[in-house]
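One structure is given here, and the rest of the page talks about it.
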Amino acid sequence: MEPDTANAIGATDNSSGDREAIRRELTPTGALRAGVIVAPALSAVFATFDGETGHYRGTTIDMAQALALQLGVTLEIVNFPNSGACTDALESGQIDVSFMPVDDERRKRVAFGPAYYILESTYLVTGSSGITSLAGVDREDVRVVGIANTTTIRSSARTLTKTTPAPAESIAEAVERMLTGKADALALSRDAFQTLLPQLPGARVLDGGFQSTGIAIAVGPGKPSALSCVSVFMDAAKKSGLVRHALDDAGFANEPVAPLSR
């Protein structure tokens with residue numbers, strides 16, 4: 001049985017007006033529309049989707065289900081190939097809540113609550129590349145691939161001086177480029193490589209990293225009641241063990257939960 005969390009609405013409201021503001025800002029359609037990023041393998045932020053059964057699995061799925069339960073509404077999962085597309089949808093109001101890496105560019109567009117996990121971005125390199133260190137990636141002849149419009153590819157581009165990461169629209173596309181010899185290095189979070197590595201024979205994950213940031217719950221801009229509600233929910237989820245349980249269930253028992261924000 002999954003750990004309980006504090007009632008997200010009850011913990012943030014003191015009046016019917018507060019409850020109405022949360023409903024209006026967080027569930028305007030009457031359901032909670034949660035955006036998730038789908039990939040070929042799980043990570044602390046990526047979910048998987050079985051097209052035959054319609055079944056989703058992942059840390060973000062577990063947390064979205066718990067939030068919808070606390071709000072007493074139906075959950076509608078909307079999937080995206082990358083966090084950039086998910087950010088676009090959250091900013092425009094096509095979805096109500098999501099979970100994504102934090103960076104300064106994204107802060108201009110959506111509102112972040114507490115982080116539940118701290119990721120480190122690094123490179124996975126092919127065996128044929130001969131690359132053994134981060135410095136070895138930064139060469140003119142190295143073909144780097146990253147996921148379009150994401151925190152990780154922006155950070156990779158800032159830190160590389162002799163080559164530029166090429167964008168792929170999805171994790172699946174990036175992996176395919178690695179498998180077919182069209183890329184030498186993949187920029188992604190270290191936790192994601194735990195499950196992707198078996199799909200790339202001979203590849204290795206480099207020591208060290210070029211970025212460290214939180215993966216946080218997020219809502220659209222200009223929604224203070226919604227932000228307060230999901231912030232209380234996330235802190236409660238970390239305290240109760242719900243986040244720990246979700247990471248464990250996804251296969252990341254050795255990955256720590258982010259510290260409490262308050």
Side-chain angles (χ1 to χ4, degrees), residues 1-37 44-45 47 56 58-78 83 86-87 89-91 93-103 106-119 213-250 252 255-262:
M1 183 175 180
E2 295 185 3
D4 292 330
T5 57
N7 187 296
I9 293 181
T12 57
D13 77 289
N14 294 307
S15 68
S16 59
D18 292 330
R19 289 191 294 273
E20 174 58 25
I22 292 172
R23 186 206 64 75
R24 184 175 62 250
E25 293 180 5
L26 192 54
T27 57
T29 65
L32 180 68
R33 300 169 298 172
V36 301
I37 305 153
V45 69
Y56 286 96
T59 301
T60 56
I61 301 299
D62 290 352
M63 291 190 291
Q65 289 172 338
L67 178 57
L69 180 64
Q70 290 299 319
L71 293 168
V73 298
T74 300
L75 175 65
E76 294 180 2
I77 299 293
V78 184
S83 58
C86 195
T87 302
L90 189 60
E91 181 183 30
Q94 296 176 54
I95 56 175
D96 306 310
V97 67
S98 189
F99 309 87
M100 60 184 69
V102 180
D103 74 355
R106 200 165 277 159
R107 285 185 186 277
K108 300 173 184 177
R109 305 178 58 197
V110 301
F112 285 104
Y116 66 89
Y117 177 77
I118 306 299
L119 68 79
T213 190
I215 303 176
I217 194 167
V219 297
K223 298 180 178 181
S225 295
L227 179 60
S228 178
C229 179
V230 300
S231 295
V232 169
F233 165 80
M234 184 54 72
D235 277 335
K238 290 192 285 187
K239 289 178 182 178
S240 71
L242 187 148
V243 175
R244 177 72 274 155
H245 176 88
L247 286 169
D248 291 351
D249 190 55
F252 299 97
E255 297 296 327
V257 175
L260 288 169
S261 60
R262 59 179 79 181

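In this chain, numbering begins with 1 at the start of the sequence shown. Predicted model, so just to flag it, every value in this text is computed and none were measured.
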| Ion pair E76/R33, N-O distance below 4.0 Å | no

| task | Measure the shortest side-chain to side-chain distance between V243 and M63 over non-hydrogen atoms and say whether it is less than 4.5 angstrom. | result | yes

| field | Exam field: side chain E25 to backbone S225, donor-acceptor pair closer than 3.5 Å | value | yes

| message | When you compare the side chain of T59 with that of Y116, does any pair of heavy atoms fall below 4.5 Å? | response | yes

| remark: On a heavy-atom basis, the closest approach of P101 and F112 is O-CZ, 3.9 Å

| query | Between L26 and L71, is any pair of side-chain heavy atoms under 4.5 Å apart? | reply | yes

| said: Has K238 got a side-chain atom pairing as donor or acceptor with F233's backbone, closer than 3.5 angstrom? | reply: no

| In Å and rounded to the nearest 0.5 Å, what is the CZ to OG1 distance from R23 to T29? | 9.5 Å

| query | Backbone N or O of L227 within a donor-acceptor pair of the S231 side chain at under 3.5 Å? | reply | yes

| request: Would you name the heavy atoms of A258 and Y117 that are closest together and state the gap between them? | output: CB-N, 3.5 Å

| query | Which heavy atom of T60 sits nearest a heavy atom of A44, and at what distance? | reply | CG2-O, 4.3 Å

| Do V36 and V78 pass the side chain to side chain contact (heavy atoms under 4.5 Å, CB included) test, and can you show the C-alpha distance, the side-chain angles, and the key distance before you say yes or no? | CA-CA 6 Å; V36 301; V78 184; over 6 Å; no

| said: Taking G35's backbone N and O only, do any of them form a donor-acceptor pair with S98's side chain (distance below 3.5 Å, no angle check)? | reply: yes

| query | Got a second to check how far R244's CZ is from E255's CD, nearest 0.5 Å? | reply | 8.5 Å

| field | Reported CG-to-CG distance for the pair D248 and D62, which is rounded to 0.5 angstrom | value | 10.5 Å

| query | For the residue pair L32 and A68, what are the closest heavy atoms and their distance? | reply | CD2-N, 3.8 Å

| field | Results of side chain to side chain donor-acceptor pair (under 3.5 Å) for R106 - residues two or more places apart only | value | S83, T87, T151

| field | Minimum heavy-atom distance between P256 and L247, given as atom pair plus value | value | O-CD1, 4.4 Å

| So how far is it from M234 CE to L260 CG, rounded to the nearest 0.5 Å? | 11.5 Å

| Do the charged groups of D103 and R107 touch, with an N to O distance under 4.0 Å? | no

| task | Identify the heavy atoms of A111 and G220 that sit nearest to each other, and give their distance. | result | CB-O, 4.0 Å

| said: For a 4.5 angstrom cut-off between non-hydrogen side-chain atoms, does M100 reach I215? | reply: no

| query | Are V97 and L67 close enough that some pair of their side-chain heavy atoms sits under 4.5 Å apart? | reply | yes

| request: State whether the side chain of T74 and the backbone N or O of A31 hold a donor-acceptor pair below 3.5 Å, judged by distance alone. | output: no

| said: A side-chain contact here means heavy atoms from C-beta on lying under 4.5 Å apart; do P28 and D96 qualify? | reply: yes

| field | Distance (rounded to the nearest 0.5 Å) between C86 SG and E91 CD | value | 12.0 Å

